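Structure, as structure tokens:
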Amino acid sequence: MKLIIEGAEYEAAPGQCCADLFKAALSGKRFKNTVAAACGGTIFDLSTPVEALPPACPELRPVTPDEAAGLDLLRHSAAHVMAAAVKTLFPGVKVTIGPSIENGFYYDFDNSRPFTPEDFAAIEAEMRKISGQAMPFVRREVSREEAVAFFEAQGENYKVEIIKDLNEPVVSLYELGGFTDLCRGPHLPHSGFVKAFKLLSVAGAYWRGDEKNRMLTRIYATAFPDEAALKDYLHRLEEAKKRDHRKLGKELDLFAFHEDVAPGMVFWHPKGMMLRTILEDFLKREHLKRGYQLVQGPQILRRELWMKSGHYDNYRENMYFTDIEGDVHGVKPMNCVGHMLIYGSSLHSYRDLPVRMAELGVVHRHEMSGALHGLFRVRQFMQDDAHIICTPEQLEDEILAVITLVRDLFGLFGFEYRLSVSTRPAKSIGSDEDWARATDALIKALERIGVPVVINEGDGAFYGPKIDGRVTDSLGREWQCSTIQVDFTLPDRFDLVYVGQDGERHRPVMVHRAILGSLERFIGILIEHCAGNFPTWISPVQARLLTVTDDQAEFAAEAARALQEAGIRAEADLRNEKLSYKVRQAQVEKIPYILVIGNQELETRSVNVRLRNGDNLGVKTLEELIAVMRADCEEPFKRGGMHYSFS
RNA sequence: GCCCAUAUAGCUCAGUCGGUAGAGCGCAUCCUUGGUAAGGAUGAGGUCAGCAGUUCAAUUCUGCUUAUGGGCUCCA
């Protein structure tokens with residue numbers, strides 16, 4: 001049997017395995033770093049005999065832990081090492097599953113008592129022992145019946161359950177020392193590769209992710225090819241923690257929570273509210289420019305309305321209700337019903353369409369207590385919501401305009417984002433024809449703007465297909481912000497119509513859409529994205545004037561007023577403190593422009609300009625400074641072809 | 001909602017093997033008028049999350065509640 005390794009041909013003798021071939025083909029150093037073999041797009045154990053390789057693919061490639069596939073394998077094997085260590089230390093424990101994940105791996109255990117971080121040191125020490133012994137991972141294939149009997153004898157009922165669900169006549173087992181696990185593989189040749197690892201946290205996790213099932217103890221951990229890479233990763237985790245919006249929100253005095261009186265609801269402090277107000281103001285203007293009309297519906301509406309809209313049946317658990325003179329009212333969890341009533345309050349001609357109603361609407365949703373998370377997940381939030389009511393023919397153009405807005409807004413803040421189309425789920429309403437036409441419009445609009453189309457098959461809402469927009473935050477987490485949903489139910493439920501050219505009444509198409517999603521969440525993402533160094537145009541305080549001594553107080557106050565009149569959010573720090581102290585404080589507050597006035601500047605009626613990154617722009621007159629700051633504010637808008645038109 | 005951990009001054013955290021508590025920052029007052037990341041002194045500030053229980057005595061031990069953190073589930 002002939003095989004090609006790195007361009008050279010090798011003749012494999014029967015009974016030889018991948019390791020034998022690599023040993024012959026690679027340098028000693030490279031062979032030592034090889035953990036698996038890639039052949040025809042599949043990864044194999046090094047111990048795989050050549051006969052078991054796909055015959056049609058003669059090319060054999062060594063896999064090392066430095067590449068994605070090898071790292072994945074390293075972590076998966078590390079999970080086995082961890083399980084073996086836990087089994088040794090806690091003989092009664094039952095093992096379940098332990099996959100590699102994006103930045104590490106985990107293993108779910110069922111133990112009489114949950115593990116705590118205090119157990120980590122002992123587990124890590126045991127793992128190090130296993131690693132030091134460089135124990136081989138031995139693959140064995142057995143019949144399904146044999147495997148069931150094997151795990152039943154050990155009381156490993158979770159493994160038995162997995163095998164029974166697998167529906168395979170033969171399953172593979174991997175043996176590591178005395179620990180045998182059901183596993184598809186592949187694995188490292190031996191445990192000696194698992195040397196740079198760290199247990200990170202414990203968590204509860206439902207067996208098979210179903211909340212009806214038993215809660216298991218999950219241990220999260222990570223592993224890297226070497227100590228340096230592990231250290232680097234742990235360092236990055238620390239850095240990411242520094243950007244946590246909850247921490248920065250407190251440090252920059254943007255917002256706070258008062259958990260005792262309103263868990264999951266934000267108290268916006270002056271600086272946070274300033275930032276939010278600028279954002280809201282900008283959003284309103286931008287929507288007006290793009291043909292939206294601003295509307296607003298009431299905050300609480302009678303229960304009958306929620307029954308009509310379907311929210312009472314489908315969303316009641318997440319709604320807040322209140323009794324008013326014996327009548328149950330629901331606090332709105334969404335803004336759509338208000339907009340439906342506004343549209344329905346007059347008869348519309350086809351000439352009026354599309355009608356685009358935008359509302360920065362405050363909604364309340366009762367999220368489960370465990371789901372709350374800073375600004376990312378709250379119970380009261382403002383959406384940049386809008387509803388577009390149009391004819392079927394107008395749908396594609398309307399979607400295109402919305403996607404353009406998504407692109408422009410995320411571009412303005414420099415966010416990476418992804419858009420995906422969700423198609424008809426199994427449980428849904430509406431005709432096939434409606435679904436096909438609407439889905440087609442979504443896809444065509446994406447194609448027209450040149451965005452790659454990702455399809456999430458069957459992930460749409462029951463009432464229509466949608467496009468979701470996700471942005472990536474500083475921790476690499478994805479957050480859903482935008483949603484563009486076609487809705488086939490609400491126009492029916494509220495009997496929305498328009499009079500067509502033919503004089504007949506027709507059913508319009510309706511689109512729900514939000515771009516930033518929740519302003520709370522978006523601001524949280526923005527805080528982490530820029531680590532609190534907000535773009536100048538949205539910074540709550542854009543400039544602070546610092547005096548060196550009291551002699552400059554009068555001019556500093558005058559200069560602050562002049563900047564304010566030019567539309568700059570400036571303030572003066574006239575306190576009797578050392579300059580270095582004031583500079584430090586302004587810097588810690590991440591104020592973009594720090595303006596120093598001493599006697600030298602006083603004489604020329606100018607300011608010495610320091611940026612928050614420590615750079616110094618030198619001495620500038622107020623006129624020069626205003627020009628620089630204007631340009632700074634306008635810069636992000638130019639990218640999206642937008643204008644910085646407010647002050 | 002579920003699992004684990006946590007809750008001490010406005011903030012960040014010490015501490016008490018059960019005898020009602022401390023630091024730094026911040027705040028107030030005074031001194032200092034100093035040129036680009038912390039000048040000095042003095043002072044105020046805490047029902048040690050809440051409610052029960054054990055105890056002569058609980059901030060400390062136990063239980064419950066609430067909230068927060070890490071996850072799971074959920075986010076039509």
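No experiment lies behind these values; they were computed from the predicted model shown. Proteins get letters first, then strands, A, B, ... in listed order; numbering begins at 1 in each.
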For the [atom1] atoms, the ones on [N] and on [M], what distance do you get once it is rounded to whole angstrom?
N	M	atom1	answer
rU65(B)	rU55(B)	P	23 Å
rC31(B)	rU12(B)	P	33 Å
rG10(B)	rA44(B)	C1'	13 Å
rG70(B)	rA76(B)	C1'	28 Å
rG71(B)	rA57(B)	C1'	40 Å
rG40(B)	rA49(B)	P	33 Å
rC75(B)	rC27(B)	P	46 Å
rA67(B)	rU20(B)	C1'	25 Å

Pair of N/O donor and acceptor under 3.5 Å linking [N] base with [X] side chain:
X	N	answer
Glu601(A)	rG35(B)	yes
Arg218(A)	rC4(B)	no
Tyr206(A)	rG71(B)	no
Asp551(A)	rU33(B)	no

Of the nucleotides [options], which one has an atom closest to the side chain of [X]?
X	options	value
Arg584(A)	rA37(B), rC74(B), rG70(B)	rA37(B)
Asn608(A)	rU36(B), rG1(B), rA38(B)	rU36(B)
Pro263(A)	rG35(B), rA67(B), rA76(B)	rA67(B)
Ala371(A)	rG71(B), rU36(B), rC74(B)	rC74(B)
Val202(A)	rA38(B), rC72(B), rC4(B)	rC4(B)
Arg246(A)	rG70(B), rA67(B), rG39(B)	rG70(B)
Met368(A)	rG35(B), rG39(B), rC74(B)	rC74(B)

Check the distance between [N]'s [atom2] and [X]'s [atom1] and give it to me in whole angstrom.
X	N	atom1	atom2	result
Leu579(A)	rG39(B)	CG	P	11 Å
Phe255(A)	rC11(B)	CZ	C1'	15 Å
Glu520(A)	rC75(B)	CD	P	21 Å
Leu237(A)	rG70(B)	CG	P	12 Å
Leu546(A)	rA37(B)	CG	C1'	12 Å
Met265(A)	rU66(B)	CE	P	16 Å
Glu211(A)	rC3(B)	CD	C1'	13 Å

Under a 3.5 Å cut-off for both distances, is [N] Watson-Crick or wobble paired, and to whom?
N	answer
rG34(B)	none
rG46(B)	none
rA67(B)	rU6(B)
rA41(B)	rU29(B)
rA52(B)	rU62(B)
rG24(B)	rC11(B)
rG18(B)	none

Phosphate oxygens OP1/OP2 of [N]: is one of them under 4.0 Å from a side-chain N or O of [X]?
X	N	value
Ser580(A)	rG39(B)	yes
His512(A)	rA76(B)	no
Tyr312(A)	rA76(B)	no

| said: Given the ring of Phe224(A), does Arg75(A) sit roughly above its face, with NZ or CZ under 6.0 Å from the centre of the six-membered ring and within 45° of the axis? | reply: yes

| query | Within 45° of the ring axis of Tyr312(A) and under 6.0 Å from its six-membered ring centre, is that where the NZ or CZ of Arg316(A) lies? | reply | yes

Describe, in one word, how the ring planes of [X] and [Y] are oriented to each other, choosing from parallel (under 30°), tilted (30 to 60°) and perpendicular (over 60°).
X	Y	result
Tyr315(A)	His311(A)	perpendicular
His529(A)	Phe415(A)	tilted
His373(A)	Phe376(A)	parallel
His366(A)	Tyr320(A)	perpendicular

| note | Nearest-nucleotide check on RNA chain B, Asp550(A) vs Arg612(A); residue mapping nearer the 5' end is Asp550(A)

| field | Residue mapping more 5' on RNA chain B - nearest nucleotide basis, Tyr463(A) or Arg610(A) | value | Arg610(A)

| request: Indicate, with a heavy-atom threshold strictly under 4.0 Å, whether Gly614(A) touches base, sugar-phosphate, or nothing. | output: nothing

| query | Does the side chain of Ser100(A) pick up a donor-acceptor pair with the side chain of Asp72(A) at under 3.5 Å? | reply | yes

| query | Does the gap between the ring centers of Phe115(A) and Phe90(A) come in under 6.0 Å? | reply | yes

